[in-house]
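Notes follow once the structure below has been shown.
Just so we're clear, the structure is a prediction, and the values are computed from it rather than from any experiment. Just so it is clear, the values below take in all heavy atoms, side chains as well, and ignore hydrogens, waters and symmetry mates. Numbers here are sequence positions counted from 1.
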Amino acid sequence: MASLAKFPNYTNQTLNSSRNSHIQSRAKTSHGQISFRNSNLSWNLKLNPSSRGWNLKLNRSSRGLNMVVTASLIEPDGGKLVDLVVPVGPTRELKRREAETLPRVELGRVDMEWVHVLSEGWASPLRGFMREAEFLQTLHFSSLRLDDGSVVNMSVPIVLAIDDTTKRSIGDGTKVALVDRSTNKVVAILNNIEIYKHNKEERIARTWGTTASGLPYVEEAITHAGNWLIGGDLEVIKPIKYNDGLDDYRLSPAQLREEFEKRGADAVFAFQLRNPVHNGHALLMTDTRKRLLDMGYKNPVLLLHPLGGFTKADDVPLSWRMKQHQKVLEDGVLNPDSTVVAIFPSPMHYAGPTEVQWHAKARINAGANFYIVGRDPAGMSHPIEKRDLYDADHGKKVLSMAPGLEKLNILPFRVAAYDLNKKQMDFFDPSRKDDFLFISGTKMRALARNRESPPDGFMCPGGWQVLVDYYDSISKPETNAKFREAVAA
């Protein structure tokens, strides 16, 4: 339901302003329709009920007052997008020199990815690695309560672990320098620090719902991490870059919002993925745009947003996925005019319904007001038992109830499969279930690895060739079984 609370950015004269002597209005709202009345004027304004902001402007003319209504992108969490990168100029050099005098905390690969995430405001309004109060709220409530009493979603801990030796070196200090372990370069300063106990078992159990061994993120970033967590306010000395040929795709939330505004988007719908795009995905995305057009939007824009941080060893590496996504656009499977392809820098947890909230929340900060959620989002097979770790339907159900995500419109994934009669991907019809073939991600990878072709119409030929080329590259004797992703520099 629309309300005055949806219109934060009035320009010129504000309808409910006491200074506006021409209009003493009362507003009534009902299902997207707003009426303003006074003794001289009566307006009936119909709006699509959505989570976007609206700007209302009154223009004087010889014929009286004219109302102009324009849409604005959805507000970031906390009302303002966080930017933790020190501005260009002499301050950067001063901060770098200051950092050289401070106790040092080394950052591994995943730590650097979180610095990247925090620095650009993906986790707005979070301004650094979590202190204990934020950590506990995240673990127990999947949300943060702000000073004004409002609640924003935050479902995964964004924390930095240190060991006993590092803790002793910090002593009573109030700030530390964060140093990239791989280059030994200072990347940030953490101010007003707080050090507290890293209860790994509690963190793992509450984030993944299990403490079974073999969880990829746990093995990578938690098991061997220190027994203490250090939180504080982050100052990143310069933007995080990877120098892998993909940095132009790593658009910050601010840059994405600028791109959406430039394209005149009146709705932004985001699709999170960590796999190659097949024609079933494309069908879902094009169908979503059609549904939004049918709802009355004039220019909905797709944010195709592959995850670019840590992934497990058997996932297709980011560089190859980006080549495949580019082929999908080149082959016309998705329309480049209404699609923005960018990289989401977060590491992957594979934490199912807990993590999918983080994926959705981050896209709010990038300007998306619609989020497509599929079957078993952010899920994986149980690391020990032969079953899925999470219920396939719980992700979309949780998103519809999650605290702090009320302003985001959730679009459930319509199941697509290969229609043997039409010889193309289509939405599954249970009344003729025998006509459909389901090709899982595992099956897709096996076909590409064995240089077998999928059914015609499953994936664009150029995109499929990229997958075949990737598996050819790792089958060569001189190639490591685990393809190493680029790291921040």
Side-chain angles (χ1 to χ4, degrees), residues 77-78 82 84 102-108 110-119 121-179 187-211 215 217-218 220-236 346-347 349 351 354-355 357-358 361-362 365 402-405:
D77 279 346
V82 168
L84 303 180
L102 299 173
R104 296 159 68 92
V105 172
E106 290 189 347
L107 304 177
V110 171
D111 300 325
M112 285 291 294
E113 290 171 357
W114 283 126
V115 169
H116 185 176
V117 166
L118 290 165
S119 71
W122 293 103
S124 293
L126 202 61
R127 301 194 61 85
F129 285 104
M130 291 178 175
R131 298 181 177 91
E132 188 174 37
E134 295 162 327
F135 175 65
L136 291 175
Q137 288 181 74
T138 296
L139 281 189
H140 294 271
F141 311 125
S142 292
S143 61
L144 299 175
R145 186 171 297 279
L146 307 184
D147 291 341
D148 64 1
S150 63
V151 171
V152 299
N153 193 270
M154 183 58 68
S155 62
V156 298
I158 302 180
V159 292
L160 179 60
I162 59 174
D163 58 22
D164 292 352
T165 301
T166 303
K167 181 177 181 292
R168 283 194 298 269
S169 71
I170 296 170
D172 296 328
T174 60
K175 58 177 66 176
V176 296
L178 304 186
V179 180
V187 297
I189 295 174
L190 198 63
N191 298 286
N192 303 314
I193 62 171
E194 177 184 345
I195 298 175
Y196 55 101
K197 190 69 177 175
H198 186 189
N199 189 331
K200 297 180 186 180
E201 184 176 27
E202 180 187 23
R203 177 185 174 188
I204 295 166
R206 288 197 168 272
T207 303
W208 283 270
T210 181
T211 55
L215 296 168
Y217 185 93
V218 172
E220 178 76 15
I222 300 179
T223 300
H224 305 292
N227 294 321
W228 304 92
L229 297 175
I230 181 170
D233 301 322
L234 194 62
E235 290 181 293
V236 181
S346 175
H349 282 66
T354 297
E355 185 174 17
Q357 296 174 66
W358 159 242
K361 174 251 171 48
N365 287 329
L405 294 182

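No side-chain donor-acceptor contact under 3.5 Å links Ser119 to the backbone of Val236. Here the side chain of Ser124 pairs a donor or acceptor atom with the backbone of Val82 at under 3.5 angstrom. With Asn227 contributing its side chain and His198 its backbone, the two residues share no donor-acceptor pair below 3.5 Å. Here the side chain of Thr166 pairs no donor or acceptor atom with the backbone of Ile162 at under 3.5 angstrom. Although no hydrogens or angles enter the test, the distance criterion places a donor-acceptor pair under 3.5 Å between the side chain of Lys361 and the main chain of Asn153. Between the Thr223 side chain and the Val218 main chain, a donor and an acceptor come within less than 3.5 Å of each other. At distances below 3.5 Å, at least one donor-acceptor pair connects side-chain atoms of Ser143 with backbone N or O atoms of Phe141.
At a threshold of 4.5 Å between non-hydrogen side-chain atoms, the residues Thr138 and Ser155 do not count as touching. Counting only heavy atoms from C-beta outward, the side chains of Val187 and Met112 approach each other to under 4.5 Å. Residues Ile158 and Leu118 are in side-chain contact: their nearest non-hydrogen atoms beyond the backbone lie under 4.5 Å apart. In this structure, the side chains of Phe135 and Asn199 stay at 4.5 Å or more apart for every pair of heavy atoms. A heavy-atom distance below 4.5 Å is not found between the side chains of Ile189 and Val176. Residues Glu220 and Val110 are in side-chain contact: their nearest non-hydrogen atoms beyond the backbone lie under 4.5 Å apart.
Taken to the nearest 0.5 Å, the CZ atom of Phe129 stands 6.5 Å off from the CG atom of Leu178. For the atom pair Ile222 CD1 and His224 NE2, the distance stands at 11.5 Å (nearest 0.5 Å). Put simply, CG on Leu190 and CG on Leu234 are 6.0 Å apart, with the number rounded to the nearest 0.5 Å. We find the CG-CE distance between Leu136 and Met130 to be 10.5 Å, quoted to the nearest 0.5 Å. Here the CH2 atom belonging to Trp228 is positioned 7.0 Å from the CG atom belonging to Asp164, to the nearest 0.5 angstrom. Note that CZ of Arg203 and OG1 of Thr211 are 14.5 Å apart. Values are rounded to the nearest 0.5 Å.
Among residue pairs with one or both ends in residues 130-147, those qualifying as salt bridge (Lys or Arg N to Asp or Glu O under 4.0 Å) are Arg131-Asp233; sequence neighbours excluded.
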Handout entry: Working for side chain to side chain contact (heavy atoms under 4.5 Å, CB included), residues Thr174 and Asn191
Key = CA-CA 6 Å; Thr174 60; Asn191 298 286; over 6 Å; no
Exercise for the section: Verify side chain to side chain contact (heavy atoms under 4.5 Å, CB included) between Leu160 and Leu107, making sure each step is shown before the conclusion. Expected result: CA-CA 8 Å; Leu160 179 60; Leu107 304 177; 3.6 Å; yes
Exercise for the section: Show your working on ring pair (Phe, Tyr, Trp, His ring centres under 6.0 Å) between Trp122 and His116 and close with a plain yes or no. Expected result: CA-CA 9 Å; Trp122 293 103; His116 185 176; 8.1 Å; no
Handout entry: side chain to side chain contact (heavy atoms under 4.5 Å, CB included) between Ile204 and Thr210, intermediate numbers included
Key = CA-CA 7 Å; Ile204 295 166; Thr210 181; over 6 Å; no
Practice task
Walk me through it: do Val156 and Gln357 pass the test side chain to side chain contact (heavy atoms under 4.5 Å, CB included)?
Solution key: CA-CA 8 Å; Val156 298; Gln357 296 174 66; over 6 Å; no
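Listed here is the closest heavy atom pair of Ala177 and Leu102: N-CB, 3.8 Å. Taking every heavy atom of both residues into account, Pro347 and Glu113 meet most closely at CB-OE1, 3.2 Å. Looking at every heavy atom in both residues, Ala161 comes nearest to Ala225 through CB-CB, 3.7 Å.
Partner of Leu144 under the side chain to side chain contact (heavy atoms under 4.5 Å, CB included) criterion, chosen from Asp77, Leu126, Val151: Leu126.
Legend: residues meeting side chain to side chain contact (heavy atoms under 4.5 Å, CB included) with Ser346, ordered by chain and number and at least two apart, are Trp114, Val117, Phe344, Trp358.
Using a 3.5 Å distance cut-off with no hydrogens or angles, the side chains of Asp163 and Thr165 do not pair a donor with an acceptor.
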